[in-house]
Amino acid sequence: MSEQMKLVANNKKAYHDFFIEEKYEAGIVLHGTEVKSMRLGKCSIKESFIRIENGEIFAYGMHVSPYEKGNIFNKDPLRVKKLLLHRKEINKLMGRIAEKGFTLVPLQVYFKDGKAKVEIGLAKGKKLYDKRQDIAKKDQRREAEKELKIKMRG
């Protein structure tokens with residue numbers, strides 16, 4: 001069985017601001033026009049975050065642009081969206097979030113076999129010096145690649 005995946009939105013900032021410990025895949029409860037808008041790639045998760053309330057998991061700040069041909073059926077682009085996870089996974093996440101420093105962040109939104117999914121990361125916040133280390137590593141790698149390219153030409 002072939003798994004079709006179409007990436008809709010990516011959250012690169014999450015990898016910059018957090019250490020991602022674990023990843024989970026969750027379904028998203030959407031209305032008709034939201035699905036159509038997402039299929040056109042009109043979704044943003046840059047400013048979004050995830051909370052667990054009353055044993056249910058919700059995504060806040062996930063922006064799905066209104067569908068052009070949706071008129072009265074369009075929903076609020078920033079409405080809170082319910083995510084679908086197994087009870088066991090939600091309980092495990094609740095336990096981990098209770099630990100100091102852990103949070104849930106959306107990493108990417110995509111379609112898998114025709115269904116809208118969001119990849120959730122159990123994350124721990126980075127300190128400023130961690131971010132500086134990452135930037136330094138990236139610069140070193142870039143310099144090394146540049147030198148290698150120069151040597152290859154010469």
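- Within the 4.5 Å cutoff, the side chain of V105 has no heavy atoms near those of the I45 side chain.
- In this structure, CD1 on I135 lies 12.0 Å from NZ on K137, to the nearest 0.5 angstrom.
- Looking at Y60, F18, F58 one by one, the single match for ring-ring contact (aromatic ring centres under 6.0 Å, His included) with F49 turns out to be Y60.
- Listed for the K46 side chain is no donor-acceptor partner under 3.5 Å among the backbone atoms of N11.
- Nearest heavy atom pair, residue P106 against residue S48, reads CG-OG, 3.0 Å.
- K115 is linked by a side chain to side chain contact (heavy atoms under 4.5 Å, CB included) to K117, counting only residues two or more places apart in sequence or in another chain.
- A116 approaches M38 most closely through the heavy-atom pair CB-SD, 4.3 Å.
- By the side chain to side chain contact (heavy atoms under 4.5 Å, CB included) test, L84 is found to be paired with V29, residues two or more places apart in sequence or in another chain being considered.
- Y24 has its side chain out of reach of E119: every pair of non-hydrogen atoms, C-beta onward, lies at least 4.5 Å apart.
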*Could you walk me through whether E22 and K92 pass the salt bridge (Lys or Arg N to Asp or Glu O under 4.0 Å) check?*
CA-CA 11 Å; E22 295 176 35; K92 184 179 175 187; 3.7 Å; yes
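- V64 is not listed as a side-chain neighbour of K42, based on a closest heavy-atom distance of 4.5 Å or more.
- With rounding to the nearest 0.5 angstrom, the CD atom of Q108 is 11.5 Å from the SG atom of C43.
- The minimum heavy-atom distance between K81 and M62, with the atom names listed, is NZ-O, 3.1 Å.
- For the pair L93/L122, a side-chain contact is recorded, criterion being any heavy-atom separation below 4.5 Å from C-beta on.
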*Check step by step if side chain to side chain contact (heavy atoms under 4.5 Å, CB included) holds for M94 and N91.*
CA-CA 5 Å; M94 283 170 61; N91 291 339; 4.2 Å; yes
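- Hydrophobic clustering (ILVMFWY, side-chain heavy atoms < 4.5 Å, transitive): I52 and V80 are in distinct clusters.
- A heavy-atom distance below 4.5 Å is not found between the side chains of E25 and I120.
- The side-chain heavy atoms of E56 and K82, taken from C-beta on, include a pair separated by under 4.5 Å.
- Contact check for I20 versus K124: no side-chain heavy atoms found under the 4.5 Å cut-off.
- Contact of the L107 side chain with the K23 side chain is registered, since non-hydrogen atoms from C-beta on lie closer than 4.5 Å.
- Judged purely by atom type and a 3.5 angstrom limit, R51 has no side-chain atom pairing as donor or acceptor with the backbone of L104.
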